[in-house]
Chemist: 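Would you mind keeping the following structure in view while I ask a few things?
The first residue of the sequence shown is numbered 1, and numbering continues consecutively from there.
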Amino acid sequence: MCSLTYATEYDPLRGQMLSLSCASCHGTDGKSETITPYIAGMGKASLYQILLDYKNGKRTETMMQKHAKGFTDEELEQIAYYFSNVER
């Protein structure tokens with residue numbers, strides 16, 4: 001179980017704008033219709049940890065490692081907040 005603390009206030013507009021970079025693989029609002037993981041409604045702590053793991057090289061499969069490195073931790077946090085608020 002993750003015990004992350006969030007240092008950033010959630011900004012819904014910013015989270016949505018940052019999430020647009022995920023749409024080409026994960027589908028609109030994270031609702032993938034392919035083999036790419038469905039991330040809509042995923043828990044924010046879990047998704048944030050996964051994104052950090054890609055960014056920090058703990059997960060290396062797929063192109064996510066390169067993609068996640070393009071974001072600050074705060075931006076990844078906004079993305080995790082955004083997708084956690086999307087209805088599955």
Chemist: Quick check for you: to the nearest 0.5 Å, what is the distance between Gln65 atom CD and Asn56 atom CG?
Modeler: 9.0 Å
Chemist: Would you please name every residue forming a side chain to side chain contact (heavy atoms under 4.5 Å, CB included) with Asp53, sequence neighbours left out?
Modeler: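 For Asp53, the residues satisfying side chain to side chain contact (heavy atoms under 4.5 Å, CB included) (neighbours in sequence not counted) are Gln49, Lys58, Arg59.
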Chemist: Side-chain contact test, heavy atoms from C-beta onward, threshold under 4.5 Å: evaluate it for Asp29 versus Tyr82 and give yes or no.
Modeler: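 With C-beta onward as the side chain, the pair touches.
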Chemist: Which residues pass the side chain to side chain contact (heavy atoms under 4.5 Å, CB included) test with Thr72, not counting sequence neighbours?
Modeler: Glu74, Glu75
Chemist: Can you tell me how far the CD1 atom of Ile39 sits from the NE2 atom of His26, to the nearest 0.5 Å?
Modeler: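 Separation between the atoms: 4.5 Å.
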Chemist: Under the rule for side chain to side chain donor-acceptor pair (under 3.5 Å), what residues qualify as partners of Glu61, not counting sequence neighbours?
Modeler: Tyr54
Chemist: Under the salt bridge (charged side-chain N to carboxylate O under 4.0 Å, His left out) test, which residues partner Asp73, sequence neighbours left out?
Modeler: Lys55
Chemist: Does some side-chain heavy atom of Met42 sit less than 4.5 Å from a side-chain heavy atom of Ile50?
Modeler: yes
Chemist: Apart from Met17 itself, what residues make up its hydrophobic cluster, given side-chain heavy atom links below 4.5 Å?
Modeler: Leu13
Chemist: Within this structure, what is the OG-CG distance for the pair Ser19 and Asn85, rounded to the nearest 0.5 Å?
Modeler: 11.5 Å
Chemist: Quick one: side chain to side chain contact (heavy atoms under 4.5 Å, CB included) partners of Thr34, sequence neighbours excluded?
Modeler: Ser32, Thr36
Chemist: Tell me whether Ser84 contacts the main-chain N or O of Tyr81 through its side chain, where contact means a donor paired with an acceptor under 3.5 Å.
Modeler: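 Yes.
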Chemist: Can you tell me if Tyr10 uses its side chain to pair, donor with acceptor, with the backbone of Gly15 under 3.5 Å?
Modeler: no
Chemist: Applying ring pair (Phe, Tyr, Trp, His ring centres under 6.0 Å) as the test, list every pair that has at least one member in residues 55-79; sequence neighbours left out.
Modeler: His67-Phe71
Chemist: What heavy-atom pair brings Phe83 and Gly30 nearest, and what distance separates the two atoms?
Modeler: CE2-N, 3.3 Å
Chemist: Taking Leu52 as the starting point, is it possible to reach Ile79 by hopping between hydrophobic residues whose side chains are less than 4.5 Å apart?
Modeler: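 In one cluster: yes.
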Chemist: Can you measure from CD (Gln16) to CD (Gln78) and round to the nearest 0.5 angstrom?
Modeler: 12.0 Å
Chemist: Do Val86 and Leu76 share a hydrophobic cluster (ILVMFWY, side-chain heavy atoms under 4.5 Å, transitive)?
Modeler: yes
Chemist: If we ignore hydrogens and angles and just use 3.5 Å, is the side chain of Lys31 paired with the main-chain N or O of Glu87 as donor and acceptor?
Modeler: yes
